[in-house]
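Just below is one structure, and these are the notes that go with it.
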Amino acid sequence: MPVWFDILVPRHLHPAAKAAGISKEVGWHTFRHSLASLLAEKGEGIKVVQELLRHAKSSTTLELYQQTNADSKRNVQAHMKSLFVVPRAN
């Protein structure tokens, strides 16, 4: 019997997501978004990610697919804070 990827979603992917405590809707496209975000986090160039995802324009990859995680945002905020802290003169 052939395996159809669309059958795997409700039979395997949804139960696995539920068991992992993921309440949002999960599908095959979720993996594309996750891959784009993980590659960006690892420092891969946007053109590489664009070509891997086979997007016609890099703006699609940047605006719709890549997302930052909370830790990355906190690290940048901490760095920005250190840029603007002026030591007090004694």
Side-chain angles (χ1 to χ4, degrees):
M1 184 166 191
V3 175
W4 300 103
F5 286 112
D6 288 340
I7 291 174
L8 295 175
V9 172
R11 288 187 185 169
H12 299 282
L13 194 57
H14 287 164
K18 185 176 180 181
I22 299 170
S23 59
K24 292 184 178 183
E25 186 68 27
V26 175
W28 294 118
H29 224 76
T30 307
F31 290 105
R32 290 175 57 84
H33 287 267
S34 297
L35 176 63
S37 297
L38 289 170
L39 290 173
E41 219 174 282
K42 296 295 181 188
E44 291 297 334
I46 186 61
K47 288 300 287 183
V48 173
V49 179
Q50 172 198 350
E51 289 180 14
L52 286 173
L53 295 176
R54 301 184 73 185
H55 290 151
K57 298 187 285 182
S58 58
S59 61
T60 302
T61 308
L62 280 169
E63 295 172 15
L64 300 177
Y65 278 77
Q66 289 184 349
Q67 298 173 3
T68 60
N69 67 25
D71 289 336
S72 296
K73 289 177 187 176
R74 279 190 216 99
N75 290 339
V76 170
Q77 288 171 339
H79 179 72
M80 287 174 36
K81 180 180 174 184
S82 70
L83 292 174
F84 295 105
V85 172
V86 177
R88 291 185 178 180
N90 291 331

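Computed over heavy atoms, backbone and side chain alike; hydrogens, waters and symmetry mates excluded. Only a predicted model underlies this, so the values are computations on that prediction, with no experimental measurement involved.
In this structure, Ser37 contributes its side chain and Gln67 its backbone to a donor-acceptor pair below 3.5 Å.
Under the 4.5 angstrom side-chain criterion for Ile, Leu, Val, Met, Phe, Trp and Tyr, the cluster partners of Leu53 are Leu35, Leu39, Val48, Val49, Leu52, Leu64, Tyr65. Here Leu62 sits in one hydrophobic cluster together with Ile46; the rule is ILVMFWY side chains under 4.5 Å apart, joined directly or through other members.
Under the 4.5 Å side-chain contact rule for hydrophobic residues, Val9 and Phe5 share a cluster.
When all heavy atoms are compared, the tightest approach of Pro15 to Pro10 is CD-O, 3.3 Å.
Between Arg32 and His55, some side-chain heavy-atom pair lies under the 4.5 Å cut-off.
Here Asp6 pairs with Trp28 under the side chain to side chain contact (heavy atoms under 4.5 Å, CB included) rule; sequence neighbours left out. Listed by chain and number, the residues in a side chain to side chain contact (heavy atoms under 4.5 Å, CB included) with Lys47 are Gln50, Glu51 (sequence neighbours excluded). Annotation: side chain to side chain contact (heavy atoms under 4.5 Å, CB included) contacts of Ala17 (sequence neighbours excluded): Ile22, Val26.
Open room surrounds NE2 on His79; 12 or fewer heavy atoms of other groups in view lie less than 6.0 Å from it.
Listed by first then second residue, pairs satisfying side-chain hydrogen bond (donor to acceptor under 3.5 Å, both in side chains) with a partner in residues 7-23 read His14-Glu25, not counting sequence neighbours.
Once rounded to the nearest 0.5 Å, the distance linking NE2 of His33 with OG1 of Thr61 reads 10.5 Å. The structure places CD of Gln66 at 12.0 Å from OG of Ser34, a figure rounded to the nearest 0.5 Å.
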